[in-house]
Number of protein chains: 2
Amino acid sequence: MPAAPRRATTIRDVAARAGVSPATVSRVLTGNRPVSPAIHSKVQRAIKELDYVVNAQARALSGTNTQTIAILIPDVAWSFHGQVAHGIEQQAIAEGRLSLICSTLGDPQREVALIEMLRQRSTEAVILVGGADTNDEYVSRIGRLAEALDREGSRLVLCGRPAPKPGLPVTVVDYDNEGGAYAAAGHLLSAGHRRIAFIGGTPGNTTFDARHAGYRRALADHGVDADPALTVHGPAARGFGHEQVRTWLAAGDLPCTAVFCFDDLIAAGVIAAARESGLKVPDDLSVLGYDDEPLAIDVHPALTTVHVPHEELGRTAVRQALHRDDPMNQSRGQSVTLGTHLVLRQSVRTYRRGA
Amino acid sequence: MPAAPRRATTIRDVAARAGVSPATVSRVLTGNRPVSPAIHSKVQRAIKELDYVVNAQARALSGTNTQTIAILIPDVAWSFHGQVAHGIEQQAIAEGRLSLICSTLGDPQREVALIEMLRQRSTEAVILVGGADTNDEYVSRIGRLAEALDREGSRLVLCGRPAPKPGLPVTVVDYDNEGGAYAAAGHLLSAGHRRIAFIGGTPGNTTFDARHAGYRRALADHGVDADPALTVHGPAARGFGHEQVRTWLAAGDLPCTAVFCFDDLIAAGVIAAARESGLKVPDDLSVLGYDDEPLAIDVHPALTTVHVPHEELGRTAVRQALHRDDPMNQSRGQSVTLGTHLVLRQSVRTYRRGA
DNA sequence: CTGAAAGCGCTTACAG
DNA sequence: CTGAAAGCGCTTACAG
C-alpha cells in the first residue's frame, strides 16, 4: 500500500467539484461578496462532501485578520490564572475570536520566546496575565515587545499588573491590589490585632509591592509601627506558609496574633501547620488570605480573604484590547482598574476593643 | 499624522540590509543548509537590528511543520485539566514544540468548532483531555474528525478516555479509572462499610461508567448487593455534593455510612454539608473522593481519594502523539493506560471486623 | 556556498 | 455576479 498523499483538500478541489473558479469558492467562504444562490449552494455542497476547511495560514498570509487572541499565564494548573483565562475565553467567544492559552511556567526567558512565536503568528492581541518583576532588564524587554507588536498591528495587554513605564503602547487592565490589602489589614487592626505578620511574596514583584504597601499604609493609619521582622518574604506556595509557622514555633513562640498571607495558598499552609501544632485558628492565630480562590471555602475554618474579580479581569482585558479606540468605549485609551473587596469568613478573631 | 504602515518586517528587508538574497536569509533562519560564516553573521545582525521574526503563516504554507500541539480541555479553571495540561506543556517544551490550550467549556458544539479551527492551522496533534459522552452522534463526529486529521497528517489524541470505537486513527492515553474505583470501594468494604452510596457523574460519560463499574465490581466481590437507590447521578460540582447531603438529611436519616464521590469537588461539598449539619466525618459519615486534587489535603478531615497521574498523563500523551511510530517506542501503536492508586488520609472510618 | 524562480493556498482588486 | 491574475512571505529544488 503506497503512503497516503497527506495533502489536505484545497480551494481548487472544491472549485473543480462545484464547477466554478477558486475565486468564487473564496467568496462563498468569506461571505463578503455577492454570489448567486444556485452557485452558493453548489459550493456549499462540495465543501461538505470534501470535508474541506480553509487553510488559516494561507488566509492570514493574504491579509485577513487572524481573529486570534493569545493568553500568557505563568501556570495553567494555578487557579488564579485559570480563572482569569476563563474570563478571557468567555469574552473572546462573545467577540468571535479564538483564544489560545500558553504557559510561561514562570520563566521570563520562555515568556519572551512565546511572545516571539505569537508575533510570528500574527496574533491580534497578546494578553499577559499576572504580576511581574520590575527589574530594568525585564521592563525594557517588555517595552521592546510592546513596540514590536504595535508596529505589526497587534497589541500587548497587561492584565493584573500596572504599566511598567509610561508612554508604552500597551493596554492595562489591573485590579486594586493596594486597596484590597489596605482594607484587609485595616480589618485586622480594627479587630484589635497589633502584631500582624506579612508572609510570602518577593520585593520587586508588582503584586507583592502593592499588597505590602497596602499593609503598611493601614498600619501607619492606625498608628502602629511596622516591625520589619514581621515581614517574611517567600514563594507564593502552600509549603511556604506551612514551613513559616513551623519555623516560628521552633524558635519559641508566635511573634504575632495575626498573619496576613500574600495569597490563599500560603494561608492554607498556615492553617494546616497551625492545626498540626495544636494551635486553634482563629483563637490562637488569625489568618488572612488574598485572592479568594475556590479553596478558601474548603479550608477549615473558612478563610477571610480579599476577593479579586478574576473573570471580570479577563473579560475586560479582551474588551479593552479589541475596542480600545471605539468611540463608544467609556474607558477608551485609559488603563482600567477593577475593585477588590474583603470577604469576611471565619479565620480572623476579634479582640474586645481596648483589650 | 498619517496612519502607520502596519507592515511587518519581511525576509526581503533583512536580505536588503544584509546585502544578500532572501533565499540566503531563509537558509540562516532554518539552519538546515550551509551558509558561509561571514554572511551568516551579517544576516544575524540585520535580523537583530530590524527586530525581525519570521512569519509563521508563510513558513507553514511553504511546507514546514508547524511544530504546534493543541490541547483541548473542558475548562481551564478546573484543576484536573490544568494539571494534565501542565504535563503536556512540559513534554511539549522538551520536544521543542509550542503547545496551545483551548477550552471547550464543556460544549460539544464548541469542541468540534475548535477542532475545525485547529485543522485550519495545521496543528501537529490535537489532544482531547478528559472523559466524554458515548452517544452515537458524538462518537461518529469524533470518528470523522480523527479521520480528517489523519488524512491531513495530523493526529487526534484522546487523553483520559478510551477509544470511542475500534479501528479509528487515534492515539489513546488513558488511566485506570475502573481499577482505582475498585480499590477505593474495596477499601470501604474492608473497613466494614456495607451501605455505600455513589454520588455524582452521569451515565453515558466514559469516566462515570468506568468509576461506577469499579464500585459495582467491588460490591459484588464482597458479596454486597448494590442498592440502586444509593447511586445518585449529578454534576461533578461541589454544590451537588453539598446539596445531596442536605437532601438526605431533610428526608430523615443518612441512607449510608460511607459516600463514594465521583470526584474530589463533590467530596468537598459533602464534607462541608456534613459539618454544617453537625455530622462528624468520618465518625458519622465516611467520605471518599476521586482524582487527588490539591484541594484534597486542605479539606478537613483530609480526604481519602484515588490518585490520578495527571501530569504523567499529559506527558505521555505528547510522547505517544509524536513518537507513535518510533521503533524505539515501547508502546508503539498501542493505547497506553496509566495506573491509579488509593491515597489513605482521614476521611474514612474503620469499623471493627464483624461489627 | 549563493541566487533566481516556482510554488504553498488563499483573497482581492481588475476586467468583464 | 464571475473569472484570470497578482500577491501575501516564506522554503526549496534547480542551476551555477
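Lettering of chains follows the sequences in order, A, B, ..., and the numbering in each one begins at 1.
At a non-hydrogen distance threshold of 4.0 Å, A:R27, A:P34, A:V35, A:S36 from residues 26-36 of chain A come into contact with DNA chain D.
One finds the CG atom of A:L72 at 6.0 Å from the CG atom of A:L118 (value rounded to the nearest 0.5 Å).
One interatomic measurement links the two molecules: NE2 of B:H40 to P of C:dT2, which rounds to 11 Å at whole-angstrom precision. The nearest whole Å value for the distance from the CD atom in B:E152 to the P atom in C:dC8 is 17 Å. Whole-Å rounding puts the B:N55 CG to C:dC10 C1' distance at 13 Å. Separating the CD atom of B:Q120 from the P atom of C:dT11 is a distance of 10 Å, rounded to the nearest angstrom. The interatomic distance linking A:R12 (CZ) with C:dT11 (P) rounds to 14 Å, in whole Å. Straight-line distance from the OH atom of A:Y52 to the C1' atom of C:dC10: 7 Å, rounded to whole Å.
If you check the side chains of B:T9 and A:R151, you find no donor sitting under 3.5 Å from an acceptor. Of the N and O atoms on the side chains of B:R121 and A:Q57, not one donor lies less than 3.5 Å from an acceptor on the other residue. Using modelled atom types and a 3.5 Å distance limit, the side chains of B:E95 and B:Q91 yield a donor-acceptor pair. With hydrogens and angles left out, the side-chain atoms of B:T30 and B:R59 include no donor and acceptor closer than 3.5 Å.
With distances taken from any side-chain atom of B:S21 to the nucleotides C:dC8, C:dA4, D:dG3, the minimum falls on C:dA4. For B:V20, taking side-chain heavy atoms from C-beta onward, the closest of the listed nucleotides C:dG3, D:dC10, C:dT2 is C:dG3. When each of D:dC10, C:dG9, C:dT2 is scored by its nearest atom to the side-chain atoms of B:I11, the top-ranked nucleotide is D:dC10. Of the candidates D:dG9, D:dA4, C:dT2, the closest approach to any side-chain atom of A:L61 belongs to D:dG9.
More than 12 non-hydrogen atoms from other residues, nucleotides or ligands lie less than 6.0 angstrom from CG of A:N32.
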Report all side-chain donor-acceptor pairs from residues 164-174 of chain B shorter than 3.5 Å, counting only partners two or more places apart or in another chain.
| from | atom 1 | to | atom 2 | distance (Å) |
| --- | --- | --- | --- | --- |
| B:T171 | OG1 | B:R155 | NE | 2.8 |
| B:T171 | OG1 | B:R155 | NH2 | 3.4 |
| B:D174 | OD1 | B:R161 | N | 3.3 |

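Two residues, B:G19 and B:S62, neighbour DNA chain C, and the one matched to the more 5' nucleotide by heavy-atom proximity is B:G19.
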Query raised in the report: In dot-bracket form, how is DNA chain D paired, counting a Watson-Crick or G-U wobble pair only if both its distances are under 3.5 Å and using | for bases paired to another strand?
Result: |||.||||||||.|||

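Not a single donor-acceptor pair under 3.5 Å links the side chain of B:R119 to the backbone N or O of A:N55. Panel note: side chain A:T68, backbone A:T66; a donor-acceptor pair is recorded below 3.5 Å.
For C:dG3, the OP1/OP2 oxygens have a side-chain nitrogen or oxygen of B:T24 closer than 4.0 Å.
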